[in-house]
**Student:** 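Input: one structure, supplied below.
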Number of protein chains: 2
Amino acid sequence: MTPSRSEEKPRGRGRPRAFDREAALAEATRLFWTKGYEATSIADLTEAMKIGSPSLYAAFGSKEALYAEALDYYRRHYDALVWTNFTSADTAREAVRALLMDSAAALTGAVVEVPCGGCMVTLSTVGSEGHAELGELVHSARSASIGRVKVRLERAVAEGEIPGTTDIHALTRYIQTVQNGMSLLARDGVSCGELRKVAEVAMLSWDAYMGSPAEPVPELT
Amino acid sequence: MTPSRSEEKPRGRGRPRAFDREAALAEATRLFWTKGYEATSIADLTEAMKIGSPSLYAAFGSKEALYAEALDYYRRHYDALVWTNFTSADTAREAVRALLMDSAAALTGAVVEVPCGGCMVTLSTVGSEGHAELGELVHSARSASIGRVKVRLERAVAEGEIPGTTDIHALTRYIQTVQNGMSLLARDGVSCGELRKVAEVAMLSWDAYMGSPAEPVPELT
DNA sequence: GAATTTATATAACGATCGATGCAGAAATCT
DNA sequence: AGATTTCTGCATCGATCGTTATATAAATTC
């Protein structure tokens, strides 16, 4: 096996780069996240990353490759905000509730600062803009999200938490719809509190569908 | 007053234009709708509209002005698909249900053909792309939509259909969230049938919130 | 008919697009 | 040390961006 410790900084031969690659990538992510792929120019990027264009191309290859890395940076730094409590929840209901509540917070920047409201993956339009390869990337990222929810619901059926007659696919699509819709609202500046109320209302469908109002109708304070 | 009948075709003096302005506008709308503002170039437009660039600028003024007209064209031709049954419904519940169901159909092109899934206004990112003026335009269009729902809910309170303690703002945001989320799913190719199921599940929250399961839990067939 | 007005076709404008060639600078390797 | 490798700054590449000047064509008005 390759020596696993300290994969970075084998300290290559030539002149070392003068900028922090990860910090530059963070800036690129911020720009792509905010303005989208097409509206972000190389000039925008080099200015924000404070490097020359040859350095950008040497370090990242191309604008498309940089966008792909920015998507990965986004995933590495922001996915946990939304999926940690989902994963550790004891029941599917609590997992879904946590997903929506944590989304409300994460998408509005209530927990860690964000360059703009909404999810970079959800709101990406790079696929429609004529970049099929990047479009596939964001599409598969979205599929992974809905897949996580679906797996959790299937587990809930297997564990007897929810009835076997549950239309898991429809319910998963519903949850995805609510989360996606919250991204658009967050992009328009809607607050975390409002989105939490939305999540609260959305969960009423869960309880109604399962026929078990596990809690009284909330006050939406 | 000016002679109101036949506002178009006063048959001006000079050489008449050789193309159908409305048809050309339809093509422009299709392109902006599909690819977005930044990713659509003047060359794309002149090719699809089958006119030269001077004709485009003579007829529409600029790319930004053309986008604004495309938004208006979109509104004139597609708004009714979603709001007609909403307006004529007897109850707020049926109005909201019709809005979501008709959205499921309209956004997927199940009723009239569409160039791509999703709402042109909802999914527009022109505001984030650095065009503040157009951003205001789509923002106000979104506000008008949520305003319609809110007014209908307030009327429902006044008429006694729903309790006065209803958090109308939260409920309106929830409906907007679901409709917005459906646009994103439609853009990803999700079918009308799936979106109708989502609408069905979403309506469960309404009944649960109002405490009146007016209908039994649906089968989601 | 001639004069006027508007639209089209061709060509091109300056600016910016994404992407590089090149020379010098800064590191490692022998 | 010298040779090699890699990164940076400057300049620039051809292509495309949104937009327009110019000349010609097609209509109306007189």
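Sequence lines set the chain letters: A, B, ... in the order given, protein chains first and strands last, and positions in each chain run from 1.
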**Student:** Restricting to side-chain hydrogen bond (donor to acceptor under 3.5 Å, both in side chains), what partner residues turn up for A:E64, sequence neighbours left out?
**Tutor:**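 For A:E64 the side-chain hydrogen bond (donor to acceptor under 3.5 Å, both in side chains) partners, ignoring immediate neighbours, are A:H131.
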**Student:** In whole angstroms, how far is the C1' atom of C:dG18 from the CG atom of A:L66?
**Tutor:**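 One finds 12 Å between C1' of C:dG18 and CG of A:L66, rounded.
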**Student:** Please pick, from D:dC17, C:dT20, D:dG18, the nucleotide with the shortest atom-to-atom distance to any side-chain atom of B:A43.
**Tutor:**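 It is D:dC17.
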**Student:** Nearest-Å distance, CZ (A:F60) to P (C:dT20)?
**Tutor:**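 Taking atom P of C:dT20 as the reference, CZ of A:F60 is at 16 Å.
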**Student:** Rounded to the nearest angstrom, tell me the gap between atom OH in B:Y67 and atom P in D:dG18.
**Tutor:**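 B:Y67 atom OH is separated from D:dG18 atom P by 14 Å.
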**Student:** Among the nucleotides C:dA27, D:dT20, D:dC17, which one has an atom lying closest to any side-chain atom of B:P54?
**Tutor:**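 Selected nucleotide: D:dT20.
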**Student:** Which one, D:dT19, C:dT4, C:dC17, comes nearest to the side chain of B:R13?
**Tutor:**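 Out of D:dT19, C:dT4, C:dC17, the nucleotide with an atom closest to B:R13's side chain is C:dT4.
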**Student:** Tell me: CD1 of B:I51 to C1' of C:dT6, nearest whole Å?
**Tutor:**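 After rounding, the gap between these two atoms is 15 Å.
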**Student:** Check every strand shown and say whether A:T40 touches a base, only sugar-phosphate, or nothing at a heavy-atom separation below 4.0 Å.
**Tutor:**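 The residue A:T40 makes sugar-phosphate contact but no base contact.
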**Student:** In this structure, how many angstroms lie between the P atom of C:dA19 and the CG atom of A:L45, rounded?
**Tutor:**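 The answer, rounded to whole Å, is 11 Å.
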**Student:** With nearest nucleotide decided by heavy atoms, which residue, A:L56 or A:S53, maps closer to the 5′ end of DNA chain D?
**Tutor:**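 Upstream on the strand: A:L56.
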**Student:** Rounding to an integer number of Å, can you tell me how far B:K35 NZ sits from D:dC17 C1'?
**Tutor:**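 Computing the B:K35:NZ to D:dC17:C1' distance gives 13 Å.
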**Student:** Indicate the atoms forming the closest heavy-atom contact of B:R148 with B:T87, along with that distance.
**Tutor:**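 In this case the closest contact between B:R148 and B:T87 is NH1-OG1, 4.1 Å.
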**Student:** Within less than 4.0 Å of OP1 or OP2 of D:dT20, is there a side-chain N or O belonging to B:Y57?
**Tutor:**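 B:Y57 to D:dT20 OP1/OP2: no side-chain N or O under 4.0 Å.
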**Student:** Using atom CD of B:E47 as one end and atom C1' of D:dT16 as the other, report the distance to the nearest whole Å.
**Tutor:**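 Rounded to the whole Å, the gap is 14 Å.
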**Student:** Among the nucleotides D:dG18, C:dA19, C:dA7, which one has an atom lying closest to any side-chain atom of B:R17?
**Tutor:**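 For the B:R17 side chain, the nearest candidate turns out to be C:dA7.
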**Student:** Would you mind telling me which of C:dG18, D:dT8, C:dT6 lies closest to the side-chain atoms of B:R15?
**Tutor:**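 Selected nucleotide: C:dT6.
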**Student:** Salt-bridge test for B:E194 and B:K197: reply yes if a basic N is under 4.0 Å from a carboxylate O, no otherwise.
**Tutor:**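 No, no charged N to carboxylate O under 4.0 Å.
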**Student:** Would you state whether a donor and an acceptor, one from the side chain of B:S62 and one from the base of D:dT19, lie under 3.5 Å apart?
**Tutor:**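 Looking at the base of D:dT19, it does not pair with any donor or acceptor on the side chain of B:S62 (distance under 3.5 Å).
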**Student:** For residues A:F86 and A:W83, establish whether the separation of their ring centroids is below 6.0 Å.
**Tutor:**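 Ring centroids of A:F86 and A:W83 are less than 6.0 Å from each other.
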**Student:** Name the residue closer to the 5' end of DNA chain C, choosing between A:E64 and B:F19 according to the nucleotide with the nearest heavy atom.
**Tutor:**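 Taking each residue's closest nucleotide, the earlier one in sequence belongs to B:F19.
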**Student:** Please report the distance, rounded to the nearest Å, between CG in B:D20 and C1' in C:dT8.
**Tutor:**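 After rounding, the gap between these two atoms is 17 Å.
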**Student:** Is there a donor N/O on one and an acceptor N/O on the other, under 3.5 Å, for the side chain of A:S41 and the base of C:dT16?
**Tutor:**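 Donor-acceptor pair under 3.5 Å: no.
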**Student:** May I ask you to verify if any side-chain N or O of B:S55 is less than 4.0 angstrom from the OP1 or OP2 atom of C:dA7?
**Tutor:**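 It does not, given that no N or O in the side chain of B:S55 lies less than 4.0 Å from OP1 or OP2 of C:dA7.
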**Student:** How would you label the contact of B:A58 with the nucleic acid (heavy atoms, under 4.0 Å): base, sugar-phosphate, or nothing?
**Tutor:**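 It contacts nothing in the nucleic acid.
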**Student:** Apply the side-chain contact (heavy atoms from CB on, under 4.5 Å) test between A:T177 and each candidate in B:T177, B:V178, B:V201; give the one that qualifies.
**Tutor:**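 Exactly one pass, corresponding to B:V178.
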**Student:** Which residues satisfy the ring pair (Phe, Tyr, Trp, His ring centres under 6.0 Å) test with A:Y57, sequence neighbours excluded?
**Tutor:**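 With sequence neighbours excluded, A:Y57 shows a ring pair (Phe, Tyr, Trp, His ring centres under 6.0 Å) to no residue whatsoever.
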